[in-house]
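As structure tokens, the structure follows; a few thoughts come after it.
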Amino acid sequence: MVKRFVQVVCASLALVGCAGGWANAEVTLNGAGASFPKPMYDKFIAEYNRIKPEVKINYSSVGSGAGIKQISEGTIDFGGSDAAMSDKQLAEAKGGKIMHIPTVMGAVVPVYNLEGVSQPVKFTGPVLADIFLGKVTRWNDPKLAEINQGLKLPDTSITVVHRSDGSGTTAVFTDYLCKISPEWKSSIGSGTSVKWIAAGAIGGKGNEQVAATVQKTPGAIGYVELIYALENKIPFGQMQNKSGKFLSGSIETVSAAAADLKDVPADMRLSITNADGENAYPISAWTYILLYQDQKDAEKGKALVDFLTWVTHDGQALASQLHYAPLPKSLQQKIEGTLASVIVAK
Amino acid sequence: MTEAIAGMNLGTNDSAPNLAARPRPRPRRRTNRGDRIFTWLLRTASLIPILLMALFLVVLAIGAMPSIKAYGLGFLASTEWDPTEDHEAYGALPFIYGTLISSLFGLAIAAPVGIGVATFLNEVFPDRPRGLRGTVAFLIEILATIPSIVYGVWAFFMMVPWVEHTIIPATHAIFGKNFFLFAGQRGLSLFSGGLVLAVMILPMIVSISLDAIRSVPASYREAALGLGATRFEMIRMAVWPAARSGLMGACILALGRAMGETMAITMVIGNSNQIQWSLFAPSNTIASTIASQFGEASGLMAASLIELALVLFVMTLLVNTTARLIIRHLSAQKGAIV
């Protein structure tokens, strides 16, 4: 009986060994992070897999905060985050220096659930801040009525919906609110997770749950990436930009926000919210992929650099299919320089 | 004659006089080696859960040390929860409140229903065809095996809109919109959280209560009936008091499970870190907060979350210990069986 057992074990090990040998040609890259670009990354990965089937890439949407933490710990090969890592977070990264590679641009839009309102509701920055601070509590508040002349807003209470997990979308949104509301900046601040003080505010996990919650809750207002509003057919509002114009988030308005880039730092950590430019959408952002400069695994490092090169060049043509904006050409040179500086072990 | 006796197999009784000159067998040991090894294995295995629990406590305490040092006991009373990098502050009170209220609310609904179902199944429900009772009991126990995320999804899509569109308007019609307990509009709230918990702990209460009620001897029931009690009086006088400690045990176990429930609760409770009086306002529980925020936590925030876990651990221990003391006290009284 023991002899038979040993025979079976040896046979299984041999099979596993064969399979292992077979799989050697395949490289698997694991990434995790922001839900903001998840639909876009899914498309990038699917397309890239057609071109290079031996590279298998997995990306899970767990929120920018978790993406930053996992790349710092080294448990994933690349992280995704809408929020650039702070100097403190960069210092805590366990594998050395982390590079930020912008991949695509998108818009954070205010979604809401109002019955009988057929046209997009207009918001100014200060009014949006007041809503999320809990100071404006009903939809028919005079501040909203003032900017929405000709639109009858109902007398429903506003329920704020925010992110309950660590989110780059929150970071972009609060970064914008800090810029246009001194009260927000002093009392709350910006980051992937903040303290929400509006009474009765509800939290959802991921862009996905915020969208679902807004859809189910009459009178709710939340903030999600544009594609989630479009895919789920949730009405979203127009934001007033720095020039005073009311704009909806779209490829054109987001591209306009990055059209006139000045003083882009070498590590490309830049916020483009509240940009100048007549057609610039005020809550725009580009999202980063985070990777270590020092790639210890030769195969994975090369595959990752190749993937990112493709994403930032040929892949950009796919962005508009999902209503994300492609990166401005002025950034591409910087990206090429950064990717070239990645040290792939031999 | 002696040769015949000596030739007989007299077993191992060495004290019988052995008249033939046979070498005396060596005295046997008390236990043989197999038994001793087995006992040692069992002893080690039984120590493992205790060691694990001690290990949990130690690891949690070490992980929570930065937060314990920073906040001390004030952590339990503070309502701050600010993860922003520049001005971090953490406190546990909103989560302790949410956990306790949602669990107690769930128990308040599930306990009468569960004990009622168990009583009904055993006393009233017909057993013809034979085995029908057993089948129904089995089906109820199946409810307990449904994964909690399935409950969460069901609650988010089906129960929350029902609460928001049916229960809340009905409550407002009776109590008015501003009554402090019921002021609020949202389906995603403590109320929904409590309801989901009630549904989840119901099967557990039913199966344990059923066991307790079944083990009340028939003589108790017959005695009550013989004195002229109606069926309900019989249940009230003979069955429930006798099964009292088992029923309480069921409720306490269910409360422990409710306090630790994570995925189902996090989808319907609204994830709000503020304490509000109303049952229809969003709230948060310890388990749900840890699940949402642990992914991105580091440094002081991670330590605070671990301290929250420690608080939940201690809370559950306290609840269970209190329950056991109550049960022991009740069992010592006359009439208790289980």
Side-chain angles (χ1 to χ4, degrees), chain A residues 32-33 60 62-70 72-73 81 83 86-89 92 134 156-157 159-168 170-171 174 178 185-206 209-210 212-213 215-220, chain B residues 79-91 94 152-153 156-165 168 177 183-189 192 263 266-278 280-284 288-299 301-302 305:
Chain A
S60 34
V62 293
S64 303
I68 292 177
K69 180 173 170 203
Q70 289 187 30
S72 292
E73 306 269 320
S81 170
S86 67
D87 294 328
K88 184 161 161 253
Q89 286 169 325
E92 286 170 359
T156 332
S157 63
T159 306
V160 164
V161 181
H162 58 83
R163 291 286 289 272
S164 61
D165 52 338
S167 152
T170 305
T174 49
C178 276
K185 191 169 160 103
S186 59
S187 61
I188 304 197
S190 83
T192 51
S193 244
V194 297
K195 184 170 88 159
W196 300 94
I197 58 177
I202 298 177
K205 201 166 154 58
Q209 232 198 4
V210 171
T213 308
Q215 268 186 314
K216 296 217 155 335
T217 312
Chain B
T79 56
E80 283 287 311
W81 190 268
D82 194 350
T84 323
E85 207 170 271
D86 303 320
H87 38 88
E88 287 180 296
Y90 302 107
V153 169
F156 183 74
F157 284 109
M158 307 261 102
M159 200 181 73
V160 165
W162 175 72
V163 167
E164 188 155 329
H165 297 131
I168 293 186
K177 273 195 186 161
Q185 301 273 12
R186 298 277 73 97
L188 287 169
S189 58
S192 300
M263 275 330 285
T266 197
M267 297 184 77
V268 299
I269 202 164
N271 298 315
S272 154
N273 302 338
Q274 303 158 359
I275 300 186
Q276 286 168 295
W277 281 117
S278 168
F280 293 133
S283 177
N284 215 347
S288 153
T289 306
I290 298 177
S292 303
Q293 311 220 343
F294 204 75
E296 70 144 354
S298 55
M301 186 170 177
L305 288 173

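Residue numbers begin at 1 in each chain, while the letters A, B, ... track the order of the sequences.
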Side chain from CB out, backbone as N, CA, C, O: work out which of these in [X] comes under 4.5 Å of a heavy atom of chain B, or both, or neither.
X      : value
A/V194 : both
A/Q89  : side chain
A/T213 : both
A/K69  : side chain
A/A212 : both
A/A198 : backbone

Toward chain A, the part of [X] with a non-hydrogen atom under 4.5 Å:
X      : answer
B/A291 : backbone
B/F280 : neither
B/D82  : both
B/P83  : both

Chain B: which of A/G189, A/S64, A/S86 shares the most heavy-atom pairs with it under 4.5 Å? A/S86
Leading residue by heavy atom contact count with chain B [cutoff under 4.5 Å; candidates A/I68, A/T192, A/D165, A/I188]: A/I188
Identify the two heavy atoms, one from [X] and one from [Y], that lie closest to each other, and give their separation to 0.1 Å.
X      : Y      : value
A/I202 : B/P282 : CG1-CG, 3.9 Å
A/V210 : A/V161 : CG1-CG1, 3.9 Å
A/V62  : A/G67  : CG2-N, 4.2 Å
A/G166 : A/S193 : CA-OG, 4.1 Å

Has B/E296 got a side-chain atom pairing as donor or acceptor with B/Q293's backbone, closer than 3.5 angstrom? no
Identify which of B/G299, B/G187, B/A297 forms the greatest number of heavy-atom pairs closer than 4.5 Å to chain A. B/A297
Has A/K185 got more than 12 heavy atoms of other residues, nucleotides or ligands less than 6.0 Å from its NZ? no
Report the residue from B/M159, B/M158, B/H165 that forms a side-chain contact (heavy atoms from CB on, under 4.5 Å) with B/W162. B/M159
When the ring planes of B/W81 and B/Y90 are compared, do they come out parallel, tilted or perpendicular, using 30° and 60° as the limits? perpendicular
What distance separates B/S192 OG from B/E164 CD, expressed to the nearest 0.5 Å? 8.5 Å
